[in-house]
Protein chains: 2
Amino acid sequence: MAKKAAEAGSVRDVLLARLDGVELDTIDPAGTPVGPTSKEEAAADLAVLAPRLDELQERLYAEAVGGGRRRVLLVLQGMDTSGKGGVIRHVAGLVNPQGLHIAAFKKPTAAELRHDFLWRIRRQAPGPGLIGVFDRSHYEDVLVARVDRLVPAAEWRRRYKQINEFEAELAEQGTTVIKCFLHISPDRQARRLRERLENPAKRWKYNPGDLNVRAKWSKYQQAYGDALRTCSDPVSPWYVVPADRKWYRNWAVARLLLEALEEIAPQFPEPDYDPRGELVRLVERDPLS
Amino acid sequence: MAKKAAEAGSVRDVLLARLDGVELDTIDPAGTPVGPTSKEEAAADLAVLAPRLDELQERLYAEAVGGGRRRVLLVLQGMDTSGKGGVIRHVAGLVNPQGLHIAAFKKPTAAELRHDFLWRIRRQAPGPGLIGVFDRSHYEDVLVARVDRLVPAAEWRRRYKQINEFEAELAEQGTTVIKCFLHISPDRQARRLRERLENPAKRWKYNPGDLNVRAKWSKYQQAYGDALRTCSDPVSPWYVVPADRKWYRNWAVARLLLEALEEIAPQFPEPDYDPRGELVRLVERDPLS
């Protein structure tokens, strides 16, 4: 089944956010709407997928060495414990780290707040040939900023348009944007927070503020729903990734990345030198022999 | 044999650059002076080593979340095709990419040249909890700068002391510096350059300038020898990594990194909150139930 889905290239189609008139809570965070239905199946598909991802990433990188401008930006959003870090480890970790540009956006610093909300984001946009990964993003500025009333309503509403324009710019520059909402249930979050508190090796991942954010669950779901509805278009789509099962979440994001890279179909560049002439220089006129 | 060497923690001892009165060309680039003597043995040892590296990297990262200042800087130097990129892919690729800070130093830009040679290097020094990887480094400023006479002799000679002071600073800040010279033979370089020219998927890695640099092989070996002699001390040692065999090179750098992390022995931080109190908040007073 995993294989069939992959061949049909349908993971993007199935996970595409379609939230017009629909709330996020109608989508099952523990679902497996496409692809593998067991951990074993997912692992088997990832094993097939990994070398293809690796090769496509190398081609993308090489293409930019030859002057290409194309690149990828994977945006990861989701409630605490939804697995943004896990995706970076298990999906981004499948490719050459040299080809990655990872940026985590925490609470803005005083210096960052003196600028437009997109300032710090633009600085971290991936260069040509790279796969950028955003652990949180400019969407925080219509999520936490809205829920915690950090700015007036007119301000965060204006940001939707600014975000759409920014992402259109990225697309024009040659960036394929893939936005993943890691969709987790409140029960699963409670379980993961408990694990973090009970396991001394995981306590560093916990922050007492996490429970304060959890208390605003429905407000966040509403803010996510609006962001996904308002800022999703063909050049910069949102995907809803069921994230209660880690193996499904990782598989799905890996597939979304693979499908995007396959569509880009990056090419090794033609050399801007004469390979035959260089071979002659090397073999017949080797400076060292 | 690989296991014994690893248990004795002796890879650092064996590969430590000891070049007083000795030239680099007395060291065999195809040698296996410690550890595995076959590709299969190396792969088996790497499989054991990988999860340990991964765990130690996570601890280092976690320690910094708790306020720790320790970090690692792996400096990779070597002639073209010696495998700096291969080490990043196969060794740095073993850990969570979120914990890496990779910087490649190419020919300095006009903007960079307006600053002191260490300016661009300092900007890329890894922050607390990270494993920094330098693909080329400040050593280029006593290598190519010397061989190609980009600066007067008095200038590059002065840089040895500046480098030593800079690296002592890094160590004081909590950085464990591991410098690897990937030692390749001219014959093996010729073979790898030929592969790059013959294989269309590798031509992007080749640059006609590579043959010009190759022509200055002995000057570079002399410059490397002097740099390794002059800038190696206990807090910032150089290792000579035989690099004609890729499997040995990768194994050796992975072991050097592992030994350094084991010596650091990073610790998960004590929480700055009360885990029991938080568990009560979560389980008995869950805001969502």
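Protein chains get the first letters and strands the later ones, always in sequence-line order, with residue 1 at the start of each.
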Top contributor to chain B contacts, counting heavy-atom pairs under 4.5 Å, from P97(A), A190(A), G99(A): P97(A)

Inter-residue atom distance L282(B).CG - L193(A).CG, 0.5 Å rounding: 6.0 Å

Validation row: E278(A), D210(B) side chains within 4.5 angstrom (heavy atoms): no

Engaged part of K202(B) at the chain A interface, taking heavy atoms whose separation is under 4.5 Å: neither

H101(B) and I102(A), any side-chain heavy atoms less than 4.5 Å apart: no

Pick from L100(B), N212(B), V95(B) with the largest number of heavy-atom pairs that fall under 4.5 Å of chain A: N212(B)

Contact origin within P271(A) toward chain B - heavy atom pairs under 4.5 Å: side chain

Chain A contacts, top residue of P186(B), A92(B), G66(B), A201(B) (heavy-atom pairs, under 4.5 Å): A201(B)

Validation row: P200(A), E270(B) side chains within 4.5 angstrom (heavy atoms): no

Sub-4.5 Å side-chain heavy-atom contact between R281(A) and P208(B): yes

Per-residue contact mode, D135(B) against chain A (heavy atom under 4.5 angstrom): side chain

Inter-residue atom distance L211(A).CG - D286(B).CG, 0.5 Å rounding: 7.5 Å

Separation of L288(B) CG from R214(A) CZ (nearest 0.5 Å): 4.0 Å

Chain B contacts, top residue of L94(A), N96(A), V65(A) (heavy-atom pairs, under 4.5 Å): N96(A)

Top contributor to chain A interface from R203(B), R59(B), E198(B), E58(B) [non-hydrogen pairs under 4.5 Å]: R203(B)

Per-residue contacts, residues 76-90 of chain A versus chain B, heavy atoms under 4.5 Å: G85(A), I88(A), R89(A)

Geometric class of the W204(A)/Y61(B) ring pair [parallel <30°, tilted 30-60°, perpendicular >60°]: perpendicular

Side chain to side chain contact (heavy atoms under 4.5 Å, CB included) assessment of L197(B) paired with Y273(A): CA-CA 10 Å; L197(B) 285 166; Y273(A) 57 84; 3.6 Å; yes

Pairs of heavy atoms under 4.5 Å with chain B: top-ranked of Q189(A), R194(A), E63(A): R194(A)

Inter-residue atom distance N207(A).CG - D272(B).CG, 0.5 Å rounding: 7.5 Å

